[in-house]
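Protein chains get the first letters and strands the later ones, always in sequence-line order, with residue 1 at the start of each. Heavy atoms only: backbone and side chains are in, while hydrogens, waters and symmetry mates are out.
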Amino acid sequence: MNIVVCVKQVPDTSDPDTEVHIDSTGRGVDESKFSFVINDADNYAVEEAIRLKEKHGGEVTVVNIGPEGANQVIRMALAKGGNSAIRLFDEKFAFSDIVATARILHSAIKDLSYDIVMTGCMASDDGFAAVGVTLAQMLGIPHAAMVKHVEVIDEKKLKVGRELEGGLMEMLEIEIPCLLTIQTGINEPRYASFKGIREASKKEIKLMDLSAAGLGDDMVGEAGSVAVMKQYSVPEVGELAEMLEGDAGETSTKLAQILKEKGLV
Amino acid sequence: MNKFKLMSVRPEDCFLVEGKERILESYEPYLSDESKMDYKPVSAIFFPENTAQVVDAVKRTTGQGKGIVVSASRTGVTGGAIGVDNASIISLEKMTARLGEWHFQAGVKIEDIPVTDKDYYPVDPTEATASLGGTIATNASGPRTFHYGATRNHIKALTIVLADGSVLDIHRGEVVCENSKFVLQHRDGEIVIPIVGISMPPVKNTAGLFLKEDMDLVDLFIGSEGTLGIVTEAIVETAPLPVNRLFLVIYSDTESKALRLVEAIKSKPRFTCLAIEYFDHNAIALIRESDALLNIPGDVVCAVYLEILNGDEDIQEKIDETLASCGLDPEWTWAGFAEGDMLEMKRFRHDVPERVNAIIGARKVDIPGLHKIGTDTAVPEGQLRRILSFARSEVEKEGLQYIVFGHIGDNHLHVNMLPRSMEELKKAEKLHIAIAEESVRLGGTVSAEHGIGRLKKDLLKIQFTEGELAAMKSVKDALDPQGVLNPGVML
């Protein structure tokens, strides 16, 4: 059971004090304020891939699009049990939309020998939740999204559960090879051990740029995208919001007054 | 040179809130700190924004014959910032300005001190919301003190407002004790501060004043808990930012193996550790109860946390060999090298004191007078096993619930006792004294990082002779003859 698992490095916004500031271009955010982590759903995908490998044999290949700093999340996936890794990076990949991103991943995965391709169901930074299914289309394989249960029936079929609204689980059979976008909570991701990290440090991460990926300038970045990101903006404070001014004593008195007027206390 | 001129700074009007009733109604949080000690309402709280406004607050308060409680983030655990009778509070929480590259007002929070591409301020008290001034007043430390030393090692200059409203602006190296004294000169004369060197334990220490014959004047104020002057500004010393670190939680099935690992790392260092922390079997049991996501293997008894500089090519091999030499399995570890991994491990470490507080909080519902008793002692190298074994046998003899965790790299473990009744609380208080006495007998300190405050004054007598305490008192009398600054703290 050979599995390819796609991982993305995203800003760590789990810390409630993390503030997102738009940079001077208006098309990016100030990354110096963040530490970076593996995308949460991808972490579950890595764990699921490794569990299937441990149970059924085979190899796990980790694929990432990102700069050198992304090696950290790749190495961690390798430390947990991944066998090999590919990192795709080229300056021209910047501003790739879901189609261009899926195209870049496709270029690296299409020649690999795989039974299952896994991605997280959604990236926590852009929230598109569409790269996985687009990649399945490009690879010409069936897919299941928001997967919260995976079971191998035989060499040709998987039984998978998809999480629907209200906690409903849709069980379906899907042919191998296939692509699954993994939902958080499917398993309990392990931590990497020091032994794993030692072994991971000896594994090679294969680098692929635009030409190694066999892509042209017009297939990636803005040129290769159908949707072009124009600008980030912060929502304006709504008219219904009232900002209380003054010191703690004054603001608490005003707040008490408002709550009283609205009949809330 | 042991002489220095004090500055006379023209006071600027300082904003204040007055009236005990108003303060109790709207500003009550300013009367307490993390010690949760009983407090009294004060008649005024000043909120200065610069040194000149602190001067104003000091002059107006002392002019009324009142004492001054200095506060900012109120994260201290020994009651140094609580409201007391016949006093005003000067809160430095609005003094958060950055005045130069590494020059800050005292109210800036440690977590808000910037990190550049190359440098950072390496002092890392567990409570990152602590103010810089508070950490200077208590010579605060944290996990990385093992490598970098405590706050004292990282302060280059201080601006201090004295009890008479004069201002001292000193850089390290400018004023050094000579002929057993410092002389501070001002227009009306001079303040002579007598310095008698006292025996300081060879461990990190926050108990009592720092007094040495050849000391720097900057050091007199660090760790003085606001009793000698109010620190309003500081220039801090930074360290190169470690770019490549390895974070390791090493699980062990016996305490002995874990201690062996700590001893091996310290006696024959083969790699650079920034921090070495410890969690005993009771601490691990608490963590297990609280967070299933931390999936600690079933047979784990205790754990050691290491933060390692990961610069050396052979470092992983060296760590592997060190673990193996202590009978520890590299597979039985949780490792990471990214900031996110470190933050997750920090959660694991912080979970212990938080769980302790939650347990005590629940018990307080039925028994309001209950509180935890936590030791803060440290012992010299070679004495760790002795103090650990003493504390364990004494606490277990009394049948108290307890956990042991903390900065094992500095031989500084916290024994937290969790009483279930007022009777057990009394037993825990006695054991606290006994553990402090034993630490001092072994050559250590009664307080390595929390300070003395109002809560632990009795412990000072264990560590210092009457003569040494008198030497501290004479320094206080020289700088604050009316005893207005932080009355009831430390001395």
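Interface check for chain A: of the options B/Tyr27, B/Phe15, B/Trp332, the most heavy-atom pairs under 4.5 Å are formed by B/Tyr27. Contact count against chain B (heavy-atom pairs under 4.5 Å) is highest for A/Ala192 among A/Ser252, A/Ala192, A/Gly249. Contacts with chain B were tallied for A/Lys195, A/Gln72, A/Arg198; A/Arg198 has the most, counting heavy-atom pairs under 4.5 Å.
How far OG of A/Ser193 is from CD1 of B/Ile250: 11.5 Å, rounded to the nearest 0.5 Å. For the atom pair CG of B/Asn310 and OG of A/Ser201, the computed distance is 9.0 Å after rounding to the nearest 0.5 Å. From B/Ile319, atom CD1 reaches atom CD1 of A/Ile197 across 9.5 Å, with rounding to the nearest 0.5 Å.
In this structure, chain A has no heavy atom under 4.5 Å from any part of B/Phe47. Contacts between B/Leu323 and chain A at a heavy-atom distance below 4.5 Å involve the side chain alone, from C-beta outward. Contact annotation for B/Ile23: neither backbone nor side-chain heavy atoms come within less than 4.5 Å of a heavy atom of chain A. At a 4.5 Å heavy-atom cutoff, the contact between B/Glu317 and chain A is made by backbone and side-chain atoms alike. Looking at B/Phe337, both its backbone and its side chain come within 4.5 Å of chain A, counting heavy atoms on both sides. At a 4.5 Å heavy-atom cutoff, B/Asp117 makes no contact with chain A through either its backbone or its side chain.
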Check the pair A/Phe194, B/Asp320 against side-chain contact (heavy atoms from CB on, under 4.5 Å), reporting the backbone distance first and the verdict last.
-> CA-CA 8 Å; A/Phe194 178 63; B/Asp320 229 3; 3.9 Å; yes
Verdict with reasoning, A/Val37 to B/Glu344, per side-chain contact (heavy atoms from CB on, under 4.5 Å) | CA-CA 11 Å; A/Val37 291; B/Glu344 206 161 345; over 6 Å; no
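Residue B/Lys318 qualifies as enclosed at atom NZ: its count of foreign heavy atoms under 6.0 Å is above 12. Around NZ of B/Lys346, the count of heavy atoms belonging to other residues, nucleotides or ligands within 6.0 Å does not exceed 12. For NZ of A/Lys55, the number of neighbouring non-hydrogen atoms (other residues, nucleotides, ligands) closer than 6.0 Å is 12 at most.
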